[in-house]
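Single-structure report; data block below.
No experiment lies behind these values; they were computed from the predicted model shown.
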Amino acid sequence: MEQKTLHIEGTVENVLFKNESNGYVVFDLDSGGELITVVGELGDIADGENLILEGNYVTHKKFGTQFRAEYCEQKLPDTAINIEKYLSSGVIKGIGPKLAEKIVNTFGDGTLEIIEKEPHRLSSIKGISPAKSKQIAEEAKKIFSLRMITSYLAQYEIKFSFAMKAYLKYGMDTLDMIKINPYILCDDSVELDFKRADTIAYDLSIEKNSDKRIIAGIKYILKANTACGHSCLPLDFLSSKAVSVLNISESDFYDSYDIAIEENEIFEYIKNDREYVYLPEYYHAEKFIADRINVLKDFTPPENYDCESLIDAEEKSQGIKYENLQREAISSAVSKGLMILTGGPGTGKTTTLKAIISVFEKKGMNVVLTAPTGRAAKRMSDLTGYEAKTIHRLLGITFDSGEKYRFVHNENNPLECDVIIIDEMSMVDVLLFDSLLRALRLNCKLIITGDSDQLPSVGAGNVLRDLIDSDVVTVIRLKEIFRQSRQSCIITNAHRIVSGEYPDLSRKDNDFFFFRRDEPESAVRLILELATKRLPKAYNYSPVDDIQILSPSKKGTLGTVELNKVLQNAINPPDRSKPEHNGIIYTFRLGDKVMQIKNNYDIVWKRGSEQGTGIFNGDIGKITGINKSEMYAVIDFDGRTAEYSFEQLSQIELAYAVTVHKSQGCEFEAVIMPVQSGFEKLNYRNLLYTAVTRAKKLLILIGNEYTIRSMVDNNRRTCRYTCLKNMLTEKNKVFENKNDVNSENLGILEFLEIQKRKER
């Protein structure tokens, strides 16, 4: 049940802790004689202030009962005694306790008004020169400015963190700038939602067809569509959407659009005589990827030695006979700067990859393995025998003064390695790939592995598919299914599906089973029976650790939300010995299987003596502790243990059932998937193929043949607007003439110069 918001008032007695960058404070509040410890992102709080707070009481495991404040109305102290306490706290640089006493003794209750409006009068006090009074006035302006911003935004229930971000970006003129254009709060530095800024604009009587509103609206629509996987949008689609969402005319849209293009607020790219519109970061990312890929391909000279003898030696040492395409892949990896290795299950990708790593190591080269998720990295390590890190961990994460994350490794601080091998590339979005490429030295080789027939990344772009389709990069497709793999119906049916053939649903003696159930309720009953009784009994599988339910969707009887509730009740039912917490959608219970559903770059985890930050979208874990009195849970993510406040559990979902999209990069001993009508928008081939290839030893489909066949027949790949393929092709033509220096390739030439300086 949701807690009722409480209201308290009082005077700040003592500020105990303050984080200048995000406004988090801890202080004692004197409320009617009772001393209350208050915490929250409330900004620049100082001793002696009068506050009106809203929030709730919480229990901290170390510090006991505290009042967690969500909103704060600040009133500067209005009595001499509290003004002196306020100034003595050091809130205004240049005023300490002794000087505060002198100033208050001189001006009494009107001290703060004098400092704000007539600071020159401070020089009448012994020890304050005209220069110092001017300095105090400047420092006071900063305090009063942030106060006014905070107070103004609080009317709209906008938290202090947004006020602080805006102040850090725009300084003392922030409030005036907001009143002229509240949509500045929507930029990447502040990230306030457009609709909330629109509310402020309405109160300021800003016209709905004003350029500032329409440009902000365009960027809002583009940003919203990146969440659907689009790195850009066709101009005709964008204009139609903007006219509808913003309630404006088409001519108003194009007037503002032209201004936005001219001012580089957005970027335009022409593909096949159709205009596509980008947010700056996505435009620059795709342009840089196209540039850098062509540099990798063209600027790394082939090595003049006999690759065949190296491969022969590797075959002898490993006792393996590589087939022709595997040999070609090993040779290309060694002799080229960039190579993509792709192929379905059972075609020998892992064997080939191990040979590539071995050859590089024998040549004395430093090889780094990476993958987009923790599970994918662990699987890569298990299969190859070499350590693999997530891309985020490899690049390293730090935070700037505005608490925005950035990567430690970039073009100015490249990774120290000779070869980078990326696995599960289909999951890598355009911004992450851009960041990785920027961190590579010019002479670093890049080996990409992945299956482009799987679903694309959760983030924007379709990078692996675009790289392959561009015909710019050397691509080795392994096609032959090895004899031992042909014995698996999971593998043979996966290849049938991706080739447009129907899987064999008749066999009952292997690792791929089909159960016909036409009604959702009967399918749910069978899922429960299989997951909790039949499979654990027959195969000794753990319902939590080994069996994974995959669903096309979150919605409906067979969607993950409802399935998780019934599975939790069967696998981990309520018990007095198991503490639990009621979230918005789920009840979280000790022992539950859970998944992180958004990137959290600053959550702290521990693994033995090792400590790090960051739990990422798709990471699966188990709740190993719930402390109701102190309001936190402990979650173990494959050995990395992290504490989550109950508020942070909004980033967590139960994971007995997960969507096929969320399962990418993972493998499970057994997979059960409902395939019934009701998910028509998600009934396409590469979703079924992705689900089938998540199973290592056992796959069970429950539903009807018609749905399975309709999925196989529907080869409509997830539609994603991106221009990377065209940019790659275009850049390839430019780089064929290396003497052609123009505005289009100037950016990459500057990059090359930086890299060359670093490597000298």
Side-chain angles (χ1 to χ4, degrees), residues 289 293 296 325-326 329-330 332-334 338-361 365-395 415 417-430 432-433 435-437 439-440 444-459 461-468 473-478 491 494 616-620 638 661-668 686 689-690 693-696:
I289 290 169
I293 289 298
L296 277 167
L325 281 174
Q326 288 180 306
I330 300 166
S332 294
V334 172
L338 171 64
M339 191 266 287
I340 295 176
L341 176 65
T342 187
T347 57
K349 286 201 304 293
T350 300
T351 301
T352 307
L353 196 58
K354 289 169 75 173
I356 290 169
I357 297 168
S358 178
V359 168
F360 279 134
E361 286 199 326
M365 300 176 79
N366 180 16
V367 182
V368 168
L369 277 62
T370 189
T373 67
R375 287 222 159 190
K378 184 177 184 300
R379 178 170 168 266
M380 193 182 190
S381 296
D382 292 343
L383 291 173
T384 63
Y386 296 86
E387 183 191 9
K389 296 180 179 180
T390 64
I391 297 173
H392 289 87
R393 189 178 172 201
L394 178 67
L395 295 179
L415 293 162
C417 58
D418 303 307
V419 183
I420 288 271
I421 300 177
I422 314 172
D423 196 20
E424 295 287 356
M425 184 65 189
S426 63
M427 300 176 64
V428 178
D429 62 62
V430 67
L432 186 58
F433 192 49
S435 295
L436 181 61
L437 289 180
L440 299 189
C444 181
K445 291 178 178 290
L446 178 62
I447 312 297
I448 293 171
T449 70
D451 188 345
S452 62
D453 290 312
Q454 291 186 21
L455 293 168
S457 57
V458 174
N462 203 353
V463 180
L464 180 59
R465 170 56 55 187
D466 286 341
L467 289 171
I468 292 172
V473 181
T474 298
V475 179
I476 307 298
R477 301 173 187 269
L478 301 180
I491 290 175
F616 302 107
N617 190 354
D619 286 351
I620 294 177
D638 288 327
H661 284 82
K662 290 288 189 183
S663 72
Q664 287 179 269
C666 300
E667 272 194 335
F668 310 97
N686 64 338
Y689 173 74
T690 300
T693 54
R694 298 309 90 206
K696 289 171 66 176

Set out, in order, the CA-CA distance, both residues' side-chain angles and the distance that settles side-chain contact (heavy atoms from CB on, under 4.5 Å) for L395 and L436, then state yes or no. CA-CA 7 Å; L395 295 179; L436 181 61; 4.0 Å; yes

If you define the side chain from C-beta out and look only at heavy atoms, does anything of L467 sit under 4.5 Å from S452? no

Just by distance, do the side chain of D418 and the backbone of N366 share a donor-acceptor pair under 3.5 Å? yes

Are I289 and I293 close enough that some pair of their side-chain heavy atoms sits under 4.5 Å apart? yes

Give, for atom CD1 of I476 and atom CG of L325, the distance between the pair rounded to the nearest 0.5 Å. 7.0 Å

Could you walk me through whether L296 and L437 satisfy the side-chain contact (heavy atoms from CB on, under 4.5 Å) test, starting with their C-alpha distance in whole Å, then the side-chain angles of each, then the deciding distance to 0.1 Å, before giving a yes or no? CA-CA 10 Å; L296 277 167; L437 289 180; 4.2 Å; yes

Trace of the side-chain contact (heavy atoms from CB on, under 4.5 Å) decision for L369 with I357: CA-CA 9 Å; L369 277 62; I357 297 168; 3.8 Å; yes

Exercise: identify the closest heavy-atom pair between P345 and T693: CG-CG2, 3.9 Å

Using a 3.5 Å distance criterion without hydrogens, assess whether the side chain of T370 forms a donor-acceptor pair with backbone atoms of I391. yes

Sequence neighbours excluded, the answer for side chain to side chain contact (heavy atoms under 4.5 Å, CB included) partners of T351 is I320, Y322, Q326

Quick check: does any side chain N or O of T350 sit under 3.5 Å from a backbone N or O of L383, one acting as donor and the other as acceptor? no

So do the side chains of Y386 and I421 get within less than 4.5 Å of each other, counting heavy atoms only? no

How would you list, by chain and number, every residue that makes a salt bridge (charged side-chain N to carboxylate O under 4.0 Å, His left out) with R379, sequence neighbours excluded? E424, E667

Can you give me the closest heavy-atom contact between Y689 and G344, atom names plus distance? OH-CA, 3.5 Å

Check: F433 and P372 side chains under 4.5 Å, non-hydrogen atoms: no

Minimum heavy-atom separation for M339 to A329, with atom names? CE-O, 3.2 Å

Side chain of S381, backbone of A388: donor and acceptor closer than 3.5 Å? yes

Report yes or no: does K349 contribute a side-chain atom to a donor-acceptor pair with the main-chain N or O of L478 at less than 3.5 Å? no

Taken to the nearest 0.5 Å, the spacing of R477 CZ from I468 CD1 works out to 5.5 Å

Working to the nearest 0.5 angstrom, can you tell me the gap between L338 CG and L446 CG? 5.0 Å

Using the side-chain hydrogen bond (donor to acceptor under 3.5 Å, both in side chains) criterion, which residues pair with S426? Sequence neighbours excluded. none

Where A371 and A377 come nearest, the two heavy atoms and their spacing: CB-N, 3.6 Å

V428 side chain reached by L464 side chain, heavy atoms, under 4.5 Å: no

Within the distance-only criterion (no hydrogens, no angle test), does the side chain of T342 pair as donor or acceptor with the backbone N or O of G450 below 3.5 angstrom? yes

To the nearest 0.5 Å, tell me how far K662 NZ sits from Q664 CD. 10.0 Å

What's the separation between atom CG in N686 and atom CZ in R465, rounded to the nearest 0.5 Å? 9.0 Å

Any side-chain heavy atom of R375 within less than 4.5 Å of one from F668? yes

Once you round to the nearest 0.5 Å, how far does NZ of K378 lie from SG of C666? 11.0 Å

Please check if the side chain of T390 supplies one atom and the backbone of T373 the other of a donor-acceptor pair under 3.5 Å. no

So which atom in G461 and which in S457 form the shortest heavy-atom distance, rounded to 0.1 Å? O-OG, 3.5 Å

Measure across L415 and L394 and return the closest heavy-atom pair with its distance rounded to 0.1 Å. CD2-O, 3.6 Å

Please examine the side chains of Q454 and R694, heavy atoms only from C-beta on, and report whether any two atoms are closer than 4.5 Å. yes

Taking the side chain as C-beta and beyond, is there a heavy-atom pair between T352 and I330 under 4.5 Å? yes

